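Report on the structure given below.
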Amino acid sequence: MPRPLLVLFLASLPLSGCTCHSTGSTEVGVLTRKLAFAGLLGRAGVQPEVYAPGATYLFPAFVTDWNTFDVSLQNLAMVKDPTRGDRAQEDDLSFKTVDGNDVRVDVTVAWQVEPTRAPYLLNKVGENVEEVKEKLVRPACRSVVRDVLNELRSEEFYVSEKRFAKASEARDRLQAVLGPEGIAVRQVILGEHRFNPDYEHVIRDKKLAEQNSEKVRSETRAAAEQWKSELEKAKGTVFQQLAAAAGALDTARLTADASYVQNQKQAEAIVAERRAHAEAVRKQNEALAGSGGKALVKLRIAEALAGKQLVFLPTGKSGVGVQTLNLNQLLGALSAGGEASSSPPSGP
């Protein structure tokens with residue numbers, strides 16, 4: 001048979017029977033070519049193309065295989081209760097703590113297939129998600145999570161912060177191991193843990209004692225804080241009273257200072273006034289002490305004698321006479337109507 005006819009014949013064989021393949025809403029498809037006919041149909045083996053979810057595809061029959069992988073979130077439940085786990089038996093992780101006690105822990109790992117890595121998983125691991133879980137995900141999870149958790153001490157399993165930190169560390173380690181294989185590890189969830197019953201009783205009693213001790217310490221701290229609050233309140237009251245007293249003292253001091261200044265000014269004014277008056281009197285005395293004063297005295301006497309009858313008494317030479325004349329007494333006697341002779345007294 002000529003070569004062109006042979007090629008045409010071989011090319012028509014796959015088309016003689018085709019089959020339909022589809023993917024679910026959360027599935028991707030991977031095609032495997034069993035025969036390539038010298039490259040006419042492409043490369044033989046698992047094809048690198050990934051077929052999208054929710055579609056139907058037509059491929060030649062007999063010379064191709066079709067596999068699908070669920071790319072939705074999967075849970076690997078390794079727990080003691082068979083009704084909740086992936087095994088019909090106790091499947092929780094069993095290991096020793098760093099201080100040597102036996103412990104069993106329920107662990108659930110949330111993971112999913114990276115869609116673009118489905119051809120790699122088909123070629124290297126398994127034909128579907130279940131095989132990938134059993135051959136790759138499960139062994140890695142049991143090994144890595146156990147290695148992370150046995151770094152805890154027995155008592156630290158009762159501390160939620162410690163457990164959460166180790167769960168996060170386990171997720172990171174699993175992602176480092178499974179990520180290159182096409183598995184995305186979303187979360188590691190640590191469930192119930194179980195120690196030997198006798199040891200668990202000891203731990204529970206110790207934790208209860210610690211809780212009671214912490215309660216007493218909390219109450220002590222609360223009482224101390226209450227005392228501090230009362231002390232601060234008392235200090236505030238005292239400071240307020242001191243401030244009020246200081247304000248009253250300052251007010252009294254200012255009032256006294258103002259009164260002192262006012263009285264001082266009044267005293268200075270009085271002293272100045274008295275000094276001026278004294279100076280005026282002194283000036284007047286100085287003026288009266290001179291010739292002007294004598295003239296003024298005479299003027300005042302003249303004014304006092306104005307309209308008055310004057311009587312002059314001569315002095316006698318016989319030894320009887322008036323040596324001094326008290327004009328005031330004389331004027332007083334005259335104004336009183338005393339008898340006085342209009343004629344001069346007779347001599348002896």
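Each residue takes its place number in the sequence, starting with 1. Predicted model only: the values in this text are computed from it and were never measured.
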Between side-chain atoms of residues 228-246 and protein atoms elsewhere (two or more places apart, or another chain), which donor-acceptor pairs fall under 3.5 Å?
residue, atom, partner, partner atom, Å
Glu230, OE2, Gln226, NE2, 3.1
Thr237, OG1, Lys233, O, 3.1

Connected via hydrophobic side-chain network under 4.5 Å: Tyr158 and Leu149: yes
Nearest-0.5 Å distance, CZ of residue Phe59 to CG of residue Leu31: 5.0 Å
Heavy-atom check, side chain of Leu152 versus side chain of Lys162, under 4.5 Å: yes
Sidechain-backbone polar pair: Gln264 side chain, Tyr260 backbone, donor-acceptor under 3.5 Å: no
Gln175 (side chain) donor-acceptor with Val185 (main chain) under 3.5 angstrom: yes
Rounded distance [0.5 Å steps], CG in Asp257 versus CG in Asp250: 10.5 Å
Flag for Gln187-Arg171: side-chain donor and acceptor within less than 3.5 Å: no
same_hphob_cluster(Leu121, Leu178) at 4.5 Å side-chain heavy-atom cutoff: yes
Whether His193 and Phe157 hold their rings parallel, tilted or perpendicular, with breakpoints at 30° and 60°: tilted
Rounded distance [0.5 Å steps], CD in Glu214 versus CD in Glu219: 10.5 Å
Any residue meeting side chain to side chain contact (heavy atoms under 4.5 Å, CB included) with Gln89, in chain and number order, not counting sequence neighbours: Arg87
Residues Lys166 and Glu151 bridged, charged N to O under 4.0 Å: yes
Straight-line distance of Ser259 OG to Leu254 CG, nearest 0.5 Å: 12.5 Å
Residue Arg217 excluded, over 12 heavy atoms near CZ under 6.0 Å: yes
Shared hydrophobic cluster, Val144 / Val103 (ILVMFWY, side-chain heavy atoms < 4.5 Å): yes
NZ-NZ distance between Lys124 and Lys135, expressed to the nearest 0.5 angstrom: 13.5 Å
Check ion pair Asp86-Arg138 (N to O, under 4.0 angstrom): no
Lys/Arg-Asp/Glu bridge criterion (N-O < 4.0 Å) met for Asp91, Arg142: yes
Side-chain donor or acceptor of Glu127 paired with backbone N/O of Asn123 under 3.5 Å: no
Residue pair Phe195 / Asp102: nearest heavy atoms and the distance that separates them: CD2-O, 3.4 Å
Greater than 12 external heavy atoms within 6.0 Å of Phe95's CZ: yes
Ring-ring centroid check Tyr57 His21, cutoff 6.0 Å: no
Main-chain N/O of Pro139 paired with Ser143 side-chain donor or acceptor, under 3.5 Å: no
Under 3.5 Å: donor-acceptor pair, side chain of Asp92, backbone of Val107: no
Shared hydrophobic cluster, Met78 / Val137 (ILVMFWY, side-chain heavy atoms < 4.5 Å): yes
Side-chain donor-acceptor pairs of residues 62-76 under 3.5 Å, sequence neighbours excluded:
residue, atom, partner, partner atom, Å
Thr64, OG1, Pro60, O, 2.5
Asp70, OD1, Thr26, OG1, 3.0
Asp70, OD1, Ser72, N, 3.0
Asp70, OD1, Ser72, OG, 2.8
Asp70, OD2, Ser72, OG, 3.3
Ser72, OG, Gln74, NE2, 3.3
Gln74, NE2, Ser72, O, 3.2

Same apolar cluster: Val125 and Leu174, side chain cutoff 4.5 Å: yes
Check ion pair Arg282-Glu279 (N to O, under 4.0 angstrom): yes
Ion pair check, Arg104 and Glu90, cut-off under 4.0 Å: yes
Whether Thr251 side chain and Gly247 backbone form a donor-acceptor pair below 3.5 Å: yes
Side-chain donor or acceptor of Asp99 paired with backbone N/O of Ser154 under 3.5 Å: yes
Donor-acceptor under 3.5 Å (Thr97 side chain, Arg153 main chain): no
Residues Arg173 and Glu169 bridged, charged N to O under 4.0 Å: yes
Pair Glu192 + Arg194: basic N to acidic O under 4.0 Å: yes
Test item: side-chain donor near acceptor, Glu27 and Tyr51, under 3.5 Å: no
Exercise: do Ser218 and Arg221 side chains pair donor with acceptor under 3.5 Å: yes
Point-to-point distance, once rounded to the nearest 0.5 Å, from CG of Leu190 to OG of Ser160: 11.5 Å
